[in-house]
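The structure appears right after this line, and notes come after that.
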Amino acid sequence: MAADEDGSQPSPDEVAVDQGDLELDLGELDLTTEDVSFDDVGGHIQENLDDELVREALDKGLDLRVYSRTVEDDLIQAENSSLQDYVDQAPKMAKLHNQIKACDSILERMEEMLSCFRLDLGNISGEIQSLQEQSLGMSVKLRNRKAVQADLGTFVNGMVISPQLVDTICQGQVNEDFQEALQQLHEKLEFVEEQGEETASVTDVSLDLERLKIKATAKTREYMLSKISATKKPMSNPQMQQNALLKLKEAFRFLVLHHHQTAAEIRDEYVDTMSKIHFSYFKAYLGRLLKLQFDDVADKDDVIGMEDTAKRGFFQSSRPAHKQRGTVFTIGNRGALLMQLEEPILVPHTAKDGTNKDQKFPYERLFRSFQYALLDNAAREYLFLAEFFNVSDTRAYELFKGVMGKTLSLLTKHLETFTGSCFDAIGLAICGRINQHYKQMLRDRSIPCLRPYFDHVNQIIWARFSHIISLNVDSVRAADPHTMASIDTRPHYIVRRYAEFSGALLSLNEGQTFEAITTGLMSLMEEVGNFILRMAAEYPQRREQLVLLINNYDMMLSVYGEHASSTSEEVSGFSRMLKDRTSDYAELQIDERFGGLMQFVKQTEGILNSAADKASIRVEQGRIQGLIDSFGQGWKASLTAIDSEVMRSFTNFKTGTGILQEVLTQLVVYYERFLAILKQKPYRETSWAGLIDRHQVMVEVKKHNKTF
């Protein structure tokens, strides 16, 4: 209870009266209603002693009973103050109670409304489910009706023959519209055939469709046979007729499906007609082309080992030299044709020279023209057959053979006849390159029709080529230098022929290796090498033999430098031989003029290398002094003689200069080795009179060789 306004405290009796007037239900807060247990008194006492306030009171020496009363009074005062606060808040609590009751009323009405809504939603859900069932039923009916409509529409479209279709087939021209009408007719025929059972509608329409099919077949047959027949007319262009037929390839497929006999008739007529056209064209073209070939061609006497005078007899004057006969063993500008393989073909009546006479060509140019014409016509024909007749692989090749078989036989027979009397190996090698190029062209275009023909041509060409190489090998093997009119150390004409001939074949074998060329050149190289050795054996002196070998080897390498690769077997082989013979020649020159010095150097170096005690070596002073005197008296004259002889013996100035350098280099090396021996024990202990200084030798050598 609060204190009086004057600040005096109420008496205990007043407090008692006030408390008596207040009847409060403290509930769980009323401690007086609880049963008190003294079981844990000791524990409670200990807990109270540990309390901070109790411990503080004890520390200050206060009486706990007085302190307890004071605390109790404070609690009573706090309780009275709290009660007054509760009383003051009573109106607000009443107001809050009223508000809560109002909210309860509102929530109760909301609950009633929501219950009504839930009931309405339940009714709507039932209606939706009913509508959904009705919708599903309608969808099934609609789907069934559409299926029936589609089947019925397909049936009607398949059975009904429109007036436009009849008019296009019976009255229209054979064009793309006609081809579309045939496609529609094909679909209707297929549809009626699929129906199977004899219904009134099928029976009614079948007769009309059969009449239309007969009309379409007759009209298509007439049109296609007329186009095929048009190719037989003079000056006609078969390619134009083929293009016209290709536009109606679907019409031919209609015939294949519905009237196979007519399709076979058209196919056979086309094959027979085009076979005759191609055969007559190539027969005439080949005949006119062959009139443009050079009259003077290589014959059986044009082999490497044949002597120049062999063709001249008592009753036979030598044949006049034609400018083209020089290309029997040389390629000249014939190889340029390989860069023109896809140029337009020769037209015989326009091939004129400056005097309006027929221009002449080597055979390989004629071969290139008719082979390229064959490739162009055959490729176009094969593609037409595959597309128009709708065939491929084996069937397409069978049709192609029917069209081009006679033409291919004509060209094959011509090649066999020509090669049987051909002795121009270079021309055949060029033809082989041409044939291989065209074969690769068709392979790149995925057109296999001419592959067997090209393979057969390869066999014909390379078989004859190998035979010609064998004839040349035999001629070189049979060549006897002893029976020849004249032989000298200069390059022989047989060796020159071989060099030009093999160089030409090596150039044709680059980038694309042919086994026939490689094998033939190896055999020819071996025989020519043996022939050169046989010629050298005709000379008794080693010097002349070496000069002949070096001149011929050098000439061959000079020719190879213009045509062949430096890595070829021929170039590497003859280069090695030339190097060895040049070294032998240098040794021979030194041995002839400075043989004593050279032998002394070789012998003494062996003695010095094998001797354990060099002091025990016997010094042949007289021999050594004689070598020094002999060298000092004639070494300059010997150098001049070597220079003169080398430059006189070798036809190639560059080669002669290189050989002279080799000889002088060998001389300087031997003389330096000689001086090195004299500087070693026991030779250095002797004073050698007249010894030429190395520097003096080098000065004189430089006069003969500017490379020093």
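Count residues from 1 along the sequence. Bear in mind the structure is a predicted one, so any value in this text is a computation, not a measurement.
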Please report the interatomic distance CG(L346) to CZ(R288), rounded to the nearest 0.5 Å.
12.5 Å
Reported CG-to-CD1 distance for the pair L374 and I345, which is rounded to 0.5 angstrom:
11.0 Å
Apply salt bridge (charged side-chain N to carboxylate O under 4.0 Å, His left out) to the pair E700 and K703, showing each step before the final yes or no.
CA-CA 5 Å; E700 190 66 25; K703 296 179 182 180; 3.3 Å; yes
Give, for atom CZ of F650 and atom OG1 of T657, the distance between the pair rounded to the nearest 0.5 Å.
11.0 Å
Please step through side chain to side chain donor-acceptor pair (under 3.5 Å) for the pair E645 and Q589, ending with a clear verdict.
CA-CA 10 Å; E645 182 179 341; Q589 286 288 346; 3.1 Å; yes
For the residue pair Y285 and S369, establish whether any side-chain heavy-atom pair is separated by less than 4.5 Å.
yes
Side chains of F631 and S638 in contact at under 4.5 Å (non-hydrogen atoms)
no
Contact summary for L508 and R433, nearest pair of heavy atoms
O-NH1, 2.5 Å
Looking only at heavy atoms, the pair that brings T489 and E544 closest together is CG2-O, 3.7 Å
If you count heavy atoms of other groups shown closer than 6.0 angstrom to CE of M647, is the number above 12?
yes
Stepwise side-chain contact (heavy atoms from CB on, under 4.5 Å) check, N551 with T655:
CA-CA 9 Å; N551 277 331; T655 302; 5.9 Å; no
Closest approach of A586 to V663 (non-hydrogen atoms, all atoms of both residues):
CA-CG2, 3.7 Å
Inspect the surroundings of CZ in R673 and state if more than 12 heavy atoms from other residues, nucleotides or ligands are less than 6.0 Å away.
yes
Look only at the side chain of Q293 and the backbone of Y363, and say whether a donor-acceptor pair between them is shorter than 3.5 Å.
no
Within the supplied structure, the quantity of interest is the number of heavy atoms (other residues, nucleotides, ligands) at a distance under 6.0 Å from R380 CZ; does it exceed 12?
yes
Passes salt bridge (charged side-chain N to carboxylate O under 4.0 Å, His left out), D455 versus R451? Steps please.
CA-CA 6 Å; D455 291 339; R451 185 182 304 165; 5.9 Å; no
Examine distances only and state if a side-chain atom of S649 and a backbone atom of V646 form a donor-acceptor pair shorter than 3.5 Å.
no
Q340 CD: over 12 foreign heavy atoms closer than 6.0 Å:
yes
Heavy atoms of V559 and A499 approach each other most closely as CG1-O, 3.4 Å
Mind checking whether F282 and F370 have ring centres under 6.0 Å apart?
no
Could you check if a side-chain atom of Y493 sits within less than 4.5 angstrom of a side-chain atom of R497, using non-hydrogen atoms only?
yes
Take Y670 and E587 through the side chain to side chain donor-acceptor pair (under 3.5 Å) test and state the conclusion after the steps.
CA-CA 10 Å; Y670 273 111; E587 289 280 339; 3.2 Å; yes
To the nearest 0.5 angstrom, please state how far the CG atom of L548 sits from the CD atom of E538.
10.0 Å
Checking the side chain of S630 only, and the main-chain atoms of L627 only, is there a donor and an acceptor separated by less than 3.5 Å?
no
Determine, step by step, whether Q440 and D444 satisfy the side chain to side chain donor-acceptor pair (under 3.5 Å) criterion, reporting the C-alpha distance in whole Å, the side-chain angles of both residues, the deciding distance to 0.1 Å, and the verdict.
CA-CA 6 Å; Q440 185 62 41; D444 295 340; 2.8 Å; yes
Check for a donor-acceptor pair, side chain of N377 on one end and backbone N or O of A373 on the other, with a separation under 3.5 Å.
yes
Carefully, step by step, assess Y453 and F400 under the rule ring pair (Phe, Tyr, Trp, His ring centres under 6.0 Å).
CA-CA 12 Å; Y453 168 77; F400 175 80; 9.7 Å; no
With the side chain counted from C-beta on, respond yes when F367 and N435 share a heavy-atom pair under 4.5 Å apart, and no when they do not.
yes
Main-chain N/O of D272 paired with S275 side-chain donor or acceptor, under 3.5 Å:
no
Main-chain N/O of V601 paired to T604 side chain as donor or acceptor, under 3.5 Å:
no
Is there a salt bridge (charged side-chain N to carboxylate O under 4.0 Å, His left out) between E416 and K413? Walk through the geometry before answering.
CA-CA 5 Å; E416 291 173 347; K413 184 177 181 180; over 6 Å; no
I'd like to check Y397 versus P452 (side-chain heavy atoms, cut-off strictly below 4.5 Å). Are they in contact?
yes
Under the 6.0 Å and 45° cation-pi test, does R464 pair with F423?
yes
Taking every non-hydrogen atom, the tightest pair across I447 and A379
CD1-CB, 3.9 Å
Answer whether the closest heavy-atom distance between the side chains of R365 and L292 falls below 4.5 Å.
no
What are the two closest heavy atoms between N458 and Q436, and how far apart are they?
ND2-OE1, 3.4 Å
Main-chain N/O of L660 paired with D643 side-chain donor or acceptor, under 3.5 Å:
no
Between R334 and D424, does the salt bridge (charged side-chain N to carboxylate O under 4.0 Å, His left out) criterion hold? Intermediate values first, please.
CA-CA 12 Å; R334 299 170 73 181; D424 183 9; 2.6 Å; yes
Tell me if a side-chain donor or acceptor on S409 pairs with a main-chain N or O of G405 at a distance below 3.5 Å.
yes
Derivation and outcome, side-chain contact (heavy atoms from CB on, under 4.5 Å), residues F361 and L337:
CA-CA 11 Å; F361 302 94; L337 178 63; over 6 Å; no
May I ask you to test the T582-Y553 pair for a side-chain heavy-atom distance under 4.5 Å?
no
Between M535 and I494, does a side-chain contact (heavy atoms from CB on, under 4.5 Å) hold up when you go through it step by step?
CA-CA 11 Å; M535 285 197 303; I494 290 181; over 6 Å; no
Expected output: side-chain S583 to main-chain K579 donor-acceptor under 3.5 Å:
no
Main chain of E605, side chain of N609: is a donor-acceptor contact present, judged purely on distance under 3.5 Å?
yes
May I ask you to decide if the ring planes of Y560 and Y498 are parallel, tilted or perpendicular, using 30° and 60° as cut-offs?
perpendicular
Salt bridge present between D554 and K654 (N-O < 4.0 angstrom)
no
Give, for atom CG of L428 and atom CD1 of I460, the distance between the pair rounded to the nearest 0.5 Å.
11.0 Å
Whether over 12 other heavy atoms sit under 6.0 Å from K283 NZ:
no
Give the C-alpha distance, both sets of side-chain angles, the deciding distance and a yes or no for ring pair (Phe, Tyr, Trp, His ring centres under 6.0 Å) between F454 and Y438.
CA-CA 8 Å; F454 285 135; Y438 289 154; 7.1 Å; no
If we check side-chain contact (heavy atoms from CB on, under 4.5 Å) with H437, which of these qualifies: R368, E342, Q512, Q371?
E342
Once rounded to the nearest 0.5 Å, what's the spacing between atom CG of L375 and atom CG of L450?
6.5 Å
Any side-chain heavy-atom pair of W462 and E515 under 4.5 Å
no
